[in-house]
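Some notes on the structure that comes next.
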Amino acid sequence: MSYRYFVVDTETTDATEDRGVCEVGWVELDTDGQIIDERQSLIDPEQPISPAASGVHHITNKDVADSPSLEEYFSVKHPTCYGSSITGNSIVVGHKVDFDLYTLQPYFDHVPATICTLRWARRLWPEAPDHKLSTLTYFLNLTPNVNAHRVMADIYATHELLLLILKETGTSLDELAARGMEPMEVKFMPFGKHKGKEVRHVDKGYLKWLLAQEGVDPDLRYTAELVMNDKL
(Lines give C-alpha, C1' and ligand atoms only; values in the text may rest on other atoms or scores of the structure.)
Protein backbone atom coordinates (compact mmCIF):
# COMPACT_ATOMS: atom_id res chain seq x y z
CA MET A 1 0.00 0.00 0.00
CA SER A 2 1.32 3.45 -0.91
CA TYR A 3 0.91 6.42 1.42
CA ARG A 4 0.89 10.17 1.33
CA TYR A 5 2.57 11.97 4.23
CA PHE A 6 1.37 15.23 5.76
CA VAL A 7 2.52 17.44 8.62
CA VAL A 8 -0.56 19.36 9.73
CA ASP A 9 -1.53 22.11 12.14
CA THR A 10 -4.62 24.09 13.04
CA GLU A 11 -5.24 27.23 15.04
CA THR A 12 -8.60 27.26 16.80
CA THR A 13 -11.15 29.41 18.59
CA ASP A 14 -10.46 27.65 21.91
CA ALA A 15 -9.52 24.18 23.18
CA THR A 16 -13.01 22.81 23.81
CA GLU A 17 -14.64 19.92 21.96
CA ASP A 18 -16.82 22.43 20.10
CA ARG A 19 -13.85 24.49 18.91
CA GLY A 20 -13.79 26.00 15.46
CA VAL A 21 -10.77 26.24 13.16
CA CYS A 22 -9.50 29.71 12.29
CA GLU A 23 -6.34 28.68 10.39
CA VAL A 24 -5.31 25.45 8.69
CA GLY A 25 -2.13 24.35 7.00
CA TRP A 26 0.00 21.40 6.02
CA VAL A 27 3.07 20.33 4.13
CA GLU A 28 3.12 17.14 2.08
CA LEU A 29 6.30 15.06 2.24
CA ASP A 30 7.95 12.52 -0.01
CA THR A 31 9.06 9.14 1.33
CA ASP A 32 12.34 10.68 2.54
CA GLY A 33 10.51 13.30 4.58
CA GLN A 34 11.26 16.22 2.25
CA ILE A 35 8.59 18.85 1.54
CA ILE A 36 6.98 18.59 -1.89
CA ASP A 37 3.90 20.80 -1.40
CA GLU A 38 2.38 23.14 1.17
CA ARG A 39 -0.96 24.78 1.86
CA GLN A 40 -2.19 27.43 4.30
CA SER A 41 -5.37 29.44 4.76
CA LEU A 42 -7.19 31.50 7.32
CA ILE A 43 -10.59 29.96 8.01
CA ASP A 44 -13.90 31.39 9.14
CA PRO A 45 -14.61 29.29 12.25
CA GLU A 46 -18.29 30.27 12.20
CA GLN A 47 -18.06 31.13 15.88
CA PRO A 48 -16.21 33.79 17.86
CA ILE A 49 -12.49 33.39 18.52
CA SER A 50 -11.92 33.60 22.25
CA PRO A 51 -9.65 36.40 23.51
CA ALA A 52 -7.46 33.74 25.16
CA ALA A 53 -6.96 31.99 21.81
CA SER A 54 -6.22 35.28 20.03
CA GLY A 55 -3.66 35.95 22.74
CA VAL A 56 -1.83 32.79 21.64
CA HIS A 57 -2.04 32.87 17.84
CA HIS A 58 -2.94 36.57 17.35
CA ILE A 59 -5.73 35.76 14.87
CA THR A 60 -8.81 37.95 15.42
CA ASN A 61 -12.42 37.71 14.32
CA LYS A 62 -11.74 40.59 11.91
CA ASP A 63 -8.86 38.66 10.31
CA VAL A 64 -11.10 35.73 9.32
CA ALA A 65 -14.26 37.65 8.40
CA ASP A 66 -13.82 37.14 4.64
CA SER A 67 -12.24 33.67 4.79
CA PRO A 68 -13.87 30.39 3.70
CA SER A 69 -15.32 28.04 6.29
CA LEU A 70 -13.50 24.75 6.73
CA GLU A 71 -16.19 22.97 4.72
CA GLU A 72 -15.89 25.54 1.93
CA TYR A 73 -12.10 25.35 1.93
CA PHE A 74 -12.24 21.62 1.23
CA SER A 75 -15.09 21.73 -1.30
CA VAL A 76 -15.27 25.01 -3.24
CA LYS A 77 -13.40 25.22 -6.55
CA HIS A 78 -11.68 28.58 -6.11
CA PRO A 79 -8.03 29.72 -6.06
CA THR A 80 -8.31 30.52 -2.35
CA CYS A 81 -9.57 27.01 -1.48
CA TYR A 82 -8.16 23.50 -1.71
CA GLY A 83 -11.40 22.37 -3.31
CA SER A 84 -11.57 18.70 -2.32
CA SER A 85 -10.84 16.22 0.41
CA ILE A 86 -7.27 14.90 0.67
CA THR A 87 -7.29 11.72 -1.37
CA GLY A 88 -5.51 8.43 -0.82
CA ASN A 89 -4.07 6.78 2.28
CA SER A 90 -2.50 9.45 4.43
CA ILE A 91 -0.07 9.20 7.33
CA VAL A 92 -0.64 12.39 9.29
CA VAL A 93 2.05 13.96 11.47
CA GLY A 94 1.54 16.57 14.17
CA HIS A 95 2.70 17.74 17.56
CA LYS A 96 -0.21 16.34 19.57
CA VAL A 97 -1.66 15.18 16.29
CA ASP A 98 -5.00 14.01 17.71
CA PHE A 99 -5.88 17.63 18.51
CA ASP A 100 -5.61 18.63 14.86
CA LEU A 101 -7.18 15.49 13.44
CA TYR A 102 -10.20 16.06 15.68
CA THR A 103 -11.33 18.74 13.22
CA LEU A 104 -9.48 17.66 10.06
CA GLN A 105 -10.29 13.93 9.97
CA PRO A 106 -13.47 14.40 7.84
CA TYR A 107 -11.38 15.96 5.08
CA PHE A 108 -8.97 13.05 4.67
CA ASP A 109 -10.18 10.06 2.64
CA HIS A 110 -8.35 7.58 4.87
CA VAL A 111 -5.83 7.90 7.72
CA PRO A 112 -4.51 4.42 8.56
CA ALA A 113 -1.80 5.76 10.90
CA THR A 114 -0.49 8.91 12.55
CA ILE A 115 2.85 10.09 13.93
CA CYS A 116 2.74 12.24 17.05
CA THR A 117 5.99 14.13 17.48
CA LEU A 118 4.98 15.00 21.06
CA ARG A 119 4.85 11.31 22.02
CA TRP A 120 8.18 10.60 20.34
CA ALA A 121 9.83 13.62 21.96
CA ARG A 122 8.71 12.42 25.39
CA ARG A 123 10.15 9.01 24.57
CA LEU A 124 13.47 10.18 23.13
CA TRP A 125 14.21 13.24 25.28
CA PRO A 126 12.56 12.65 28.67
CA GLU A 127 15.05 15.05 30.28
CA ALA A 128 13.70 18.09 28.37
CA PRO A 129 12.23 20.80 30.65
CA ASP A 130 8.90 20.17 28.94
CA HIS A 131 7.86 18.93 25.53
CA LYS A 132 6.16 21.97 24.08
CA LEU A 133 7.23 22.59 20.50
CA SER A 134 8.75 25.98 21.38
CA THR A 135 10.78 24.48 24.25
CA LEU A 136 12.04 21.58 22.13
CA THR A 137 13.13 24.02 19.44
CA TYR A 138 15.72 25.49 21.81
CA PHE A 139 16.45 22.33 23.80
CA LEU A 140 17.33 20.43 20.61
CA ASN A 141 18.97 23.41 18.86
CA LEU A 142 16.43 23.47 16.05
CA THR A 143 15.66 26.54 13.92
CA PRO A 144 14.12 29.23 16.18
CA ASN A 145 10.35 29.45 15.70
CA VAL A 146 9.84 33.23 15.66
CA ASN A 147 6.17 33.02 14.64
CA ALA A 148 5.15 30.25 17.04
CA HIS A 149 1.45 29.40 17.14
CA ARG A 150 0.78 30.24 13.50
CA VAL A 151 0.28 27.13 11.40
CA MET A 152 3.18 27.33 8.97
CA ALA A 153 5.75 28.25 11.62
CA ASP A 154 4.57 25.36 13.80
CA ILE A 155 4.46 23.01 10.82
CA TYR A 156 8.05 23.82 9.81
CA ALA A 157 9.16 23.31 13.42
CA THR A 158 7.29 20.00 13.62
CA HIS A 159 8.79 18.90 10.31
CA GLU A 160 12.32 19.67 11.56
CA LEU A 161 11.58 17.76 14.77
CA LEU A 162 10.23 14.84 12.70
CA LEU A 163 13.45 14.65 10.68
CA LEU A 164 15.45 14.53 13.92
CA ILE A 165 13.19 11.77 15.28
CA LEU A 166 13.70 9.76 12.08
CA LYS A 167 17.47 10.18 12.46
CA GLU A 168 17.46 9.24 16.16
CA THR A 169 15.32 6.14 15.62
CA GLY A 170 16.91 5.09 12.32
CA THR A 171 13.49 4.48 10.81
CA SER A 172 11.50 5.42 7.75
CA LEU A 173 8.21 7.31 7.94
CA ASP A 174 6.29 4.06 7.49
CA GLU A 175 8.29 2.32 10.21
CA LEU A 176 7.91 5.25 12.60
CA ALA A 177 4.15 5.23 12.06
CA ALA A 178 3.98 1.49 12.70
CA ARG A 179 6.04 1.78 15.89
CA GLY A 180 3.85 4.63 17.05
CA MET A 181 0.82 2.37 17.03
CA GLU A 182 2.24 0.62 20.09
CA PRO A 183 2.03 2.16 23.59
CA MET A 184 5.10 3.98 24.84
CA GLU A 185 6.54 4.20 28.34
CA VAL A 186 6.49 7.63 29.98
CA LYS A 187 9.58 8.20 32.13
CA PHE A 188 8.47 11.19 34.21
CA MET A 189 5.09 12.21 35.65
CA PRO A 190 3.92 15.17 33.54
CA PHE A 191 1.64 16.80 36.16
CA GLY A 192 0.32 16.74 39.72
CA LYS A 193 2.14 16.52 43.02
CA HIS A 194 4.58 13.99 41.53
CA LYS A 195 5.41 16.07 38.44
CA GLY A 196 8.98 15.39 37.31
CA LYS A 197 9.29 12.19 39.32
CA GLU A 198 10.00 8.92 37.51
CA VAL A 199 6.69 7.09 37.14
CA ARG A 200 8.26 3.86 38.37
CA HIS A 201 9.01 5.60 41.70
CA VAL A 202 5.55 7.14 42.20
CA ASP A 203 3.51 5.81 45.11
CA LYS A 204 1.22 2.99 43.94
CA GLY A 205 -1.68 4.49 45.83
CA TYR A 206 -1.43 7.57 43.64
CA LEU A 207 -1.12 5.47 40.48
CA LYS A 208 -4.21 3.47 41.49
CA TRP A 209 -6.11 6.74 41.83
CA LEU A 210 -4.72 7.92 38.47
CA LEU A 211 -5.88 4.77 36.68
CA ALA A 212 -9.41 5.31 37.98
CA GLN A 213 -9.64 8.69 36.25
CA GLU A 214 -11.13 9.26 32.81
CA GLY A 215 -9.15 10.82 29.99
CA VAL A 216 -5.71 9.76 31.20
CA ASP A 217 -3.09 9.88 28.46
CA PRO A 218 -2.88 6.32 27.01
CA ASP A 219 0.92 6.18 27.30
CA LEU A 220 0.81 7.33 30.92
CA ARG A 221 -1.92 4.77 31.65
CA TYR A 222 0.18 2.03 30.03
CA THR A 223 3.23 3.01 32.12
CA ALA A 224 1.24 3.19 35.35
CA GLU A 225 -0.20 -0.27 34.69
CA LEU A 226 3.33 -1.63 34.18
CA VAL A 227 4.36 -0.22 37.55
CA MET A 228 1.23 -1.52 39.28
CA ASN A 229 1.95 -5.00 37.92
CA ASP A 230 5.62 -4.81 38.93
CA LYS A 231 6.77 -4.95 35.30
CA LEU A 232 8.69 -1.69 35.37
Side-chain angles (χ1 to χ4, degrees), residues 1 3 5-9 15-17 19 33 89-105 108 110-142 154 157-232:
M1 181 182 294
Y3 297 103
Y5 309 91
F6 296 90
V7 182
V8 304
D9 189 47
T16 68
E17 291 185 355
R19 61 185 175 271
N89 299 297
S90 300
I91 292 178
V92 178
V93 183
H95 202 69
K96 199 173 182 180
V97 67
D98 288 348
F99 182 89
D100 300 299
L101 268 184
Y102 182 82
T103 48
L104 294 182
Q105 184 89 47
F108 283 87
H110 185 48
V111 181
T114 61
I115 297 172
C116 181
T117 54
L118 174 60
R119 289 181 70 212
W120 278 104
R122 286 172 174 165
R123 173 73 175 271
L124 296 171
W125 300 286
E127 72 281 8
D130 62 59
H131 295 88
K132 296 176 183 177
L133 191 57
S134 54
T135 302
L136 290 168
T137 295
Y138 291 96
F139 181 76
L140 298 171
N141 295 312
L142 305 178
D154 285 353
T158 301
H159 174 243
E160 190 173 2
L161 178 58
L162 172 67
L163 294 179
L164 183 58
I165 292 168
L166 291 171
K167 181 179 178 180
E168 287 289 315
T169 57
T171 61
S172 67
L173 283 166
D174 290 354
E175 291 167 340
L176 195 70
R179 288 179 59 182
M181 300 293 284
E182 301 297 326
M184 297 184 187
E185 293 178 17
V186 176
K187 186 168 185 178
F188 298 109
M189 278 295 302
F191 57 80
K193 65 180 182 180
H194 295 293
K195 182 177 180 180
K197 189 173 185 179
E198 288 193 45
V199 179
R200 62 179 177 151
H201 293 150
V202 172
D203 177 77
K204 285 190 175 181
Y206 182 83
L207 294 180
K208 183 178 179 181
W209 169 84
L210 179 70
L211 290 170
Q213 308 308 304
E214 294 183 0
V216 176
D217 176 82
D219 291 333
L220 181 57
R221 179 177 293 279
Y222 168 73
T223 307
E225 288 173 345
L226 288 178
V227 176
M228 292 296 291
N229 293 312
D230 297 318
K231 295 181 178 179
L232 184 62

Measure the spacing between [atom1] of [X] and [atom2] of [Y] and express it to the nearest 0.5 Å.
X	Y	atom1	atom2	result
Leu220	Gln213	CG	CD	11.5 Å
Met184	Asp217	CE	CG	10.5 Å
Leu133	Asp154	CG	CG	5.5 Å
Thr117	Leu161	OG1	CG	5.0 Å
Met181	Thr114	CE	OG1	7.0 Å
Leu176	Cys116	CG	SG	10.5 Å

Heavy-atom side-chain proximity of [X] to [Y] below 4.5 angstrom:
X	Y	value
Trp120	Leu166	no
Trp125	Ile165	yes
His95	Asp100	no
Leu140	Leu164	yes
Val93	Phe6	no
Val202	Glu198	no

Give a yes or no on whether the backbone of [Y] and the side-chain of [X] come within a donor-acceptor separation of less than 3.5 Å.
X	Y	result
Thr135	His131	no
Tyr3	Asp174	no
His194	Phe188	no
Arg221	Leu211	yes
Asn229	Lys231	no
Thr223	Val186	yes
Glu160	Ala157	no

Looking at Asp219 and Arg119, is any side-chain nitrogen of the basic one under 4.0 Å from a carboxylate oxygen of the acidic one?
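Looking at Asp219 together with Arg119, the answer is yes, because their closest N to O distance falls below 4.0 Å.
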
Decide, yes or no, whether a salt bridge links Arg200 with Asp230 under the criterion of side-chain N to carboxylate O below 4.0 Å.
no

Could you walk me through whether Leu118 and Val97 pass the side chain to side chain contact (heavy atoms under 4.5 Å, CB included) test, one step at a time?
CA-CA 8 Å; Leu118 174 60; Val97 67; over 6 Å; no

Could you please spell out the steps behind the side chain to side chain contact (heavy atoms under 4.5 Å, CB included) verdict for Lys187 and Val199?
CA-CA 6 Å; Lys187 186 168 185 178; Val199 179; over 6 Å; no

Could you go through Leu173 and Leu162, starting from their C-alpha distance and side-chain angles, then the distance that decides it, and tell me whether this counts as side chain to side chain contact (heavy atoms under 4.5 Å, CB included)?
CA-CA 9 Å; Leu173 283 166; Leu162 172 67; 3.9 Å; yes

Enclosure of Lys204 NZ (heavy-atom neighbours >12, cutoff 6.0 Å)
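Correct, the count exceeds 12.
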
Can you name the nearest heavy-atom pair linking His159 to Val7, along with the distance?
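So the minimum-distance heavy-atom pair works out to N-CG1, 4.3 Å.
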
Side chain to side chain contact (heavy atoms under 4.5 Å, CB included) evaluation trace for Phe99 with Arg19:
CA-CA 11 Å; Phe99 182 89; Arg19 61 185 175 271; 3.4 Å; yes

